[in-house]
Amino acid sequence: MLAQISTGLVQLHSRYYGKGPTKAKTHIVDDMVVCILRDGFTTVERTLLDTGDMESVYRMRRSFQEVMEEDFRRIVEEATSRKVIAYTSSIHVDPDLAVELFVLEPEEESEPPGAGTAAASDELSEKRV
């Protein structure tokens, strides 16, 4: 599942940027999926970064993420069989990496008998006193 997510995200980058990251690693922690993509800046982005124009690269990447959000979410949802309820992305210049973060809808947990909203309400009431 983790390899499927890494591969899918690298393929999206490759298809739409013309170059994909050379390394990718995905982790799942509770309801969070984090993928770290390394060495993914294009020649144009690297040129801008080398001349100090980081803001142009940040803006372009943010625009790309907004346009491609549905495709990024779909890769994670298909691999995990869970709905993505939040997605964010960030890049870092040195070292060259991108971090894709997905928050999954919590899995339903079976509650023990007698546990429910009343117990939760009582607990909240006690804390307010």
Side-chain angles (χ1 to χ4, degrees):
M1 172 177 50
L2 299 178
Q4 179 182 348
I5 293 169
S6 294
T7 300
L9 294 177
V10 167
Q11 287 173 344
L12 273 182
H13 279 264
S14 296
R15 184 177 321 137
Y16 292 102
Y17 277 107
K19 176 194 184 302
T22 60
K23 296 178 184 173
K25 185 159 187 171
T26 300
H27 308 271
I28 295 184
V29 179
D30 298 325
D31 295 329
M32 214 173 19
V33 174
V34 180
C35 186
I36 300 171
L37 305 159
R38 297 180 184 275
D39 190 32
F41 289 125
T42 65
T43 303
V44 170
E45 291 172 325
R46 180 54 53 204
T47 301
L48 289 169
L49 293 170
D50 290 347
T51 61
D53 191 0
M54 289 185 263
E55 189 55 36
S56 291
V57 177
Y58 287 132
R59 272 195 320 270
M60 195 258 320
R61 287 281 177 139
R62 278 192 300 272
S63 295
F64 175 74
Q65 297 306 329
E66 289 172 11
V67 170
M68 298 302 299
E69 181 172 351
E70 188 176 314
D71 292 348
F72 276 70
R73 285 174 177 253
R74 184 172 42 256
I75 286 169
V76 173
E77 289 176 347
E78 287 176 1
T80 62
S81 299
R82 292 174 65 189
K83 181 179 178 177
V84 171
I85 59 171
Y87 163 66
T88 189
S89 177
S90 186
I91 58 170
H92 190 272
V93 174
D94 188 18
D96 171 352
L97 58 87
V99 177
E100 310 291 350
L101 173 72
F102 304 85
V103 178
L104 304 174
E105 185 172 65
E107 291 182 300
E108 291 187 29
E109 297 179 23
S110 59
E111 294 183 19
T117 55
S121 297
D122 290 342
E123 185 177 317
L124 288 175
S125 297
E126 291 173 16
K127 288 182 180 179
R128 288 187 200 136
V129 175

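Just so you know, residue 1 is the first one in the sequence shown, and it goes up from there.
- Closest of all the heavy-atom pairs between V93 and M54 is CG2-SD, 3.9 Å.
- Considering OG of S63 and CE of M68, their distance stands at 13.0 Å, rounded to 0.5 Å.
- The nearest pair of heavy atoms linking A24 to V10 is CB-CG2, 3.6 Å.
- Transitive grouping of hydrophobic side chains (ILVMFWY, heavy atoms separated by less than 4.5 Å) keeps Y58 and V99 in distinct clusters.
- Pairing each heavy atom of S6 with each of T26, the nearest pair is OG-OG1, 2.6 Å.
- We find the NZ-CG distance between K23 and D39 to be 8.0 Å, quoted to the nearest 0.5 Å.
- Ionic pairing of E70 and R74 is present here: one or more N-O contacts between side-chain nitrogen and carboxylate oxygen are shorter than 4.0 angstrom.
- With a 4.5 Å cut-off on side-chain heavy atoms, D31 and R82 count as touching.
- Here CD1 of I5 is found 10.5 Å from CD of E77. Values are rounded to the nearest 0.5 Å.
- Taking CZ of F41 as the reference point, atom CD1 of I91 lies at 4.0 Å (rounded to 0.5 Å).
- Counting only heavy atoms from C-beta outward, the side chains of V29 and V34 never approach each other to under 4.5 Å.
- Nearest approach of H13 to P21, heavy atoms of both residues: CB-CD, 3.6 Å.
- How far CE of M60 is from OG1 of T42: 5.5 Å, rounded to the nearest 0.5 Å.
- No more than 12 heavy-atom neighbours from other residues, nucleotides or ligands sit within 6.0 angstrom of CG on D30.
- Nearest heavy atom pair, residue G40 against residue D96, reads N-OD1, 3.2 Å.
- Around CZ of R38, the count of heavy atoms belonging to other residues, nucleotides or ligands within 6.0 Å does not exceed 12.
- Hydrophobic clustering (ILVMFWY, side-chain heavy atoms < 4.5 Å, transitive): I36 and Y87 are in distinct clusters.
- Remark: T7 OG1 to L2 CG distance equals 10.5 Å, nearest 0.5 Å.
- In terms of modelled atom types and a separation under 3.5 Å, the side chain of E105 and the main chain of I85 share no donor-acceptor contact.
- Using bins of under 30°, 30° to 60° and over 60° for the plane-to-plane angle, the ring pair F72/F64 lands in the perpendicular bin.
- A cation-pi arrangement is present between R61 and Y17, with the terminal nitrogen or guanidinium carbon under 6.0 Å from the aromatic centre and inside a 45° cone about the axis.
- Side-chain heavy atoms closer than 4.5 Å link hydrophobic residues (I, L, V, M, F, W, Y) into clusters, and following such links, even through other members, never connects L37 to V57.
- Hydrophobic clustering (side-chain heavy atoms under 4.5 Å, transitive across Ile, Leu, Val, Met, Phe, Trp, Tyr) groups Y16 together with V67.
- Within the 4.5 Å cutoff, side-chain heavy atoms of R62 are placed close to those of R59.
- Cluster membership for V76 and M32, using ILVMFWY side-chain heavy atoms within less than 4.5 angstrom, is not shared.
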